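Read through the structure below, which is laid out as structure tokens, and then see the notes.
We name chains A, B, ... by the order of the sequence lines, and we start the count at 1 in each one. Note that the structure is a prediction, hence the values are computed from the model and not measured. Side chains are part of it too, since the values below use all heavy atoms of this structure and drop only hydrogens, waters and symmetry mates.
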Amino acid sequence: MKIATWNVNSLTVRLPQVLDWLAAQASAGAPVEVLALQELKLSDDKFPAAAFEQAGYHAVWHGQKTYNGVALLARSPFNAVQRNLPGFEDEQARLIAATLGADDTQGSEGGASAPALRVVGAYFPNGQALGSDKFAYKLRWLEALRAWLADEMRRHPRLLLLGDFNITFDDADVWDPEGLRESIHCSSVERAQLQALLALGLHDAHRLFAQPPKSYTWWDYRQLGFQKNRGLRIDHILLSDALRPLATACQIDRSPRKNPQPSDHAPLWVQLQGL
DNA sequence: ATGGCCCGTAATACGGGA
């Protein structure tokens, strides 16, 4: 089962590319079972549910005009949809979680159905600059995410957290580690929060496998950033302990970044077996 | 030395992204 994430930077603009990419994966023999999308930049009433349904995907979404907005697509229906972090007052649409397979939130045990998979798609705050109000919001949001996720993982042992984290793990994720040292997305404060998520029992799917050097998921539109591979690895897929042994591959797909009018982010996917 | 792109909203600029 292939599970992917992609920050599309406006679903209005990028919808044809998303549909093309899904169709290309399917015709290559490895259809995408689940896709998390970020930065929809559209209100709920503008979400192109019919287009995705036509392509064979169920969808759940949490939209917002102009900014943010997240969605999950899957070839089977979702249960137990959660929008944003419970108890964290937030005008910004940044998180959507849902269950695939039998709804495991009602305490039902066993049964003939396959174990449920809990999918958490997130668009982490950017933070703009250290010390700014937006950075303080980023840290508050990260703490609320960690607290909620600790509980969520107890309820759902088979859990993925994927999306645009807006944080690099370490200098290997940064095209210019010296020039960007302690700047936004690269600061030790942010990285400590990312490690705190791993400490809950999550694993960076990308690093479970050998990867090309200088593997990034985002490149600035300016200064030929993509052509010069001046990028950051800020989009991630984290797997819970129970899912880690099922992973057989994880790759960044740079090809959509070469499209005309591309998103500045590339999609990233993980292959899980035995689900 | 500086900013150089793209998006949406609004308006022929600006905030935000990263």
Side-chain angles (χ1 to χ4, degrees), chain A residues 5-18 21 36-48 61-71 90-95 121-142 145 162-194 206 214-236 252 254 256-268:
Chain A
T5 178
W6 195 0
N7 178 325
V8 294
N9 185 17
S10 171
L11 186 57
T12 305
V13 175
R14 233 66 67 188
L15 177 62
Q17 294 184 45
V18 175
W21 187 73
L37 298 171
Q38 303 88 40
E39 279 209 87
L40 310 181
K41 294 187 174 179
L42 45 74
S43 50
D44 281 339
D45 57 304
K46 301 276 201 329
F47 185 85
W61 59 93
H62 185 29
Q64 179 185 339
K65 187 180 179 183
T66 310
Y67 301 114
N68 311 310
V70 287
D90 198 349
E91 313 251 310
Q92 305 183 31
R94 294 191 172 275
L95 183 139
Y123 176 47
F124 289 40
N126 176 304
Q128 201 163 60
L130 273 72
S132 67
D133 290 349
K134 291 188 174 68
F135 191 75
Y137 164 75
K138 183 175 195 173
L139 295 182
R140 287 202 315 276
W141 191 92
L142 284 164
L145 172 68
L162 74 173
D164 177 359
F165 285 54
N166 273 318
I167 306 175
T168 57
F169 278 96
D170 54 40
D171 287 353
D173 294 340
V174 184
W175 72 276
D176 181 12
E178 294 309 322
L180 295 173
R181 188 159 306 287
E182 291 301 329
S183 62
I184 194 68
H185 310 119
C186 304
S187 70
S188 36
V189 168
E190 292 162 272
R191 287 174 176 176
Q193 288 301 314
L194 188 49
H206 194 257
K214 304 183 188 304
S215 287
Y216 308 127
T217 63
W218 171 88
W219 303 261
D220 201 306
Y221 283 122
R222 297 166 290 188
Q223 299 175 274
L224 300 174
F226 180 68
Q227 289 86 337
K228 296 179 177 175
N229 198 29
R230 295 179 172 178
L232 301 173
R233 189 172 74 99
I234 51 177
D235 300 84
H236 304 299
I252 299 162
R254 297 163 54 97
R257 189 62 174 79
K258 302 170 185 170
N259 290 343
Q261 208 174 9
S263 169
D264 43 359
H265 294 253
L268 164 73

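Residues passing the side-chain contact (heavy atoms from CB on, under 4.5 Å) test with A:S43 are A:D45, A:K46, sequence neighbours excluded. Under the rule for a salt bridge (Lys or Arg N to Asp or Glu O under 4.0 Å), the partners of A:R233 that lie at least two apart in sequence or sit in another chain are A:D173, A:D204. Among residues two or more places apart in sequence or in another chain, the ring-ring contact (aromatic ring centres under 6.0 Å, His included) test is passed with A:F124 by A:W141, A:F165. Here A:R191 pairs with A:D171 under the salt bridge (Lys or Arg N to Asp or Glu O under 4.0 Å) rule; sequence neighbours left out. Among residues two or more places apart in sequence or in another chain, the ring-ring contact (aromatic ring centres under 6.0 Å, His included) test is passed with A:F226 by A:W219. Considering only residues two or more places apart in sequence or on other chains, A:S10 meets the side-chain contact (heavy atoms from CB on, under 4.5 Å) condition with A:T12, A:V13, A:K41. For A:W21, the ring-ring contact (aromatic ring centres under 6.0 Å, His included) partners are A:W6, not counting sequence neighbours. Taking A:D90 as the reference, nothing meets the salt bridge (Lys or Arg N to Asp or Glu O under 4.0 Å) condition, with sequence neighbours excluded. Scored by the salt bridge (Lys or Arg N to Asp or Glu O under 4.0 Å) test, A:E178 finds A:R181 as partners (sequence neighbours excluded).
Comparing B:dC6 with B:dA10, their P atoms are spaced 22 Å from each other, to the whole Å. A gap of 23 Å separates the C1' atoms of B:dC7 and B:dT2, to the nearest Å. Nucleotides B:dT12 and B:dA1 have their P atoms positioned 35 Å apart, rounded to a whole Å. B:dG16 and B:dA11 are spaced 16 Å apart, taking the P atom of each and rounding to whole Å.
Mapped onto DNA chain B by nearest heavy atom, A:N9 and A:D164 fall at different nucleotides, with A:N9 at the one closer to the 5' end. Annotation: of the two residues near DNA chain B, A:K134 and A:R222, the 5′-most nearest-nucleotide partner is A:R222.
Within the 4.0 angstrom heavy-atom criterion, only backbone atoms of the sugar-phosphate kind lie near A:N7; the bases stay farther away. Nucleic acid contact for A:Y123: sugar-phosphate only, since backbone atoms but no base atoms lie under 4.0 Å from a heavy atom of the residue. Within the 4.0 angstrom heavy-atom criterion, no nucleotide atom of any strand lies near A:D220.
Residue A:D164 forms a side chain to side chain contact (heavy atoms under 4.5 Å, CB included) with just one option from A:N126, A:V8, A:D235, and that option is A:D235.
Taking the six-membered ring for Trp and thresholds of 30 and 60 degrees, A:F47 and A:W61 have nearly parallel ring planes, at less than 30 degrees apart.
Non-hydrogen atoms lying under 4.0 Å from DNA chain B are contributed by A:N166, A:H185, all within residues 165-188 of chain A. The stretch residues 226-236 of chain A touches DNA chain B through A:L232, A:I234, each having a heavy atom within less than 4.0 Å of the strand.
For DNA chain B, the contact window with chain A, defined by any atom under 4.0 Å from a protein heavy atom, covers B:dG4 to B:dA18 in 5' to 3' order.
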